[in-house]
Amino acid sequence: MQAQKKGVLFVVSGPSGVGKGTINKKLFEEFGDRIAYSVSATTREPREGEENGREYFFISRQEFEKRVANNEFLEHAEYAGNCYGTPRDHVLSLLQRGISVILEIDVQGALQVKARMPESVSVFILPPSFEELEHRLRGRGTETPEKIERRLAAARSEIDMAPAYDYQIVNDDLDAAYARLRGIFIEKTEMANG
Ligand code: 5GP
């Protein structure tokens, strides 16, 4: 009898604007049949073009706190004034079904996941430089100047935590950065399945 396939939990972090969403999307496009992206819950307002249930489940702070109290999150954290959390049951059921899961979460959440599930694989996406990150974040035009300042301040302390991750990838070139993440994904999923 063939052994049940094992899903691997990948935690990908990086400061806002570093391009982690784009890199993860490529992984999803290539390995969509055996990888799932976990949709988090957040109290932040949807950005233009974002859809409830696709990028996030957009919920009130009251609802968020209720879910925390019910222990519904695998991890949760406050980031730049908003709360974010990973739905526990959904992630665990995917892994049990042999589907690998990508969590695109902040540093505080990543540390919680590593403590609870040490077999998870953590990857930090770094910008080529802080100036480049600032440039990208301002150019994106999705946040007010005040919110950008908050995100830049958060980015500085996040980047300091990069060494705590299993892998660090510098996103100076999208294809090269993706090639590295792809390599890690293949190696770790093959390893988990002997
Ligand atoms: P954004 O508001 O730009 O979508 O996300 C802000 C930060 O929150 C990013 O670093 C993102 O990866 C992180 N984030 C998104 N979902 C979660 C989550 O469920 N848990 C935690 N801890 N961070 C999250």
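Order of listing sets the numbers, starting from 1, for every ligand and every atom in it.
The nearest heavy-atom contact from the protein to atom 9 (C) of ligand 1 is Lys20 NZ, 4.1 Å. Shortest contact from atom 20 (N) of ligand 1 to any protein heavy atom: Glu75 OE2, 2.7 Å. Atom 19 (O) of ligand 1 has its closest protein heavy atom at Ser40 OG, 2.6 Å. Regarding atom 12 (O) of ligand 1, its nearest protein heavy-atom neighbour is Glu104 O, 3.1 Å. Looking from atom 15 (C) of ligand 1 to the surrounding protein, the closest heavy atom is Tyr56 OH, 3.1 Å.
Ring-centre distance between Tyr84 and Phe64: not below the 6.0 Å cut-off.
Residues forming a ring pair (Phe, Tyr, Trp, His ring centres under 6.0 Å) with Phe31 (at least two apart in sequence, or on another chain): Phe185.
At a 3.5 angstrom cut-off on N or O pairs, Gly85 counts as close to ligand 1. Considering backbone and side-chain N/O of Arg44, one or more are found under 3.5 Å from N/O of ligand 1.
Residues Leu126 and Phe10 share a hydrophobic cluster, clusters being chains of Ile/Leu/Val/Met/Phe/Trp/Tyr side chains in contact below 4.5 Å.
Listed by number with element, the atoms of ligand 1 under 4.0 Å from a non-hydrogen atom of Ala77 are 22 (N). Annotation for ligand 1: atoms under 4.0 Å from non-hydrogen atoms of Gly109 are 22 (N). Taking every heavy atom of Tyr79 and a limit of under 4.0 angstrom, the matching atoms of ligand 1 come to 6 (C), 7 (C). Close contacts between ligand 1 and Arg151 involve ligand atoms 1 (P), 2 (O), 3 (O), 6 (C) [criterion: under 4.0 Å to a heavy atom].
Under the 4.5 angstrom side-chain criterion for Ile, Leu, Val, Met, Phe, Trp and Tyr, Met191 has no cluster partners at all.
If you look at Arg47 next to ligand 1, the close heavy atoms, those under 4.0 Å, all belong to the side chain.
Residue contact annotation: Gln112 has no non-hydrogen atom under 4.0 Å from ligand 1. Residue-ligand proximity: Glu55 is placed with every non-hydrogen atom at 4.0 Å or more from ligand 1. Look at Gln108 and you'll find every heavy atom at least 4.0 Å from all atoms of ligand 1.
Judged by a 6.0 Å distance limit and a 45° cone about the ring axis, Arg156 is positioned over the six-membered ring of Phe130.
No donor-acceptor contact under 3.5 angstrom links the side chains of Gln108 and Tyr79, judged on distance only. Of the N and O atoms on the side chains of Arg140 and Thr142, at least one donor lies less than 3.5 Å from an acceptor on the other residue.
Among Leu103, Leu137, Asp106, the residue whose heavy atom sits closest to atom 23 (N) of ligand 1 is Asp106. Ranked by closest heavy atom to atom 17 (C) of ligand 1, the top entry among Tyr84, Phe57, Phe73 is Tyr84.
Formation of a donor-acceptor pair under 3.5 Å by the Lys20 side chain with backbone atoms of Gly14 is found in this model. The main-chain N or O of Phe73 is found under 3.5 Å from a side-chain atom of Arg88 such that the two form a donor-acceptor pair.
Of the residues listed (Val91, Leu9, Thr86), the one engaging Val113 in a side-chain contact (heavy atoms from CB on, under 4.5 Å) is Leu9, and it is the only one.
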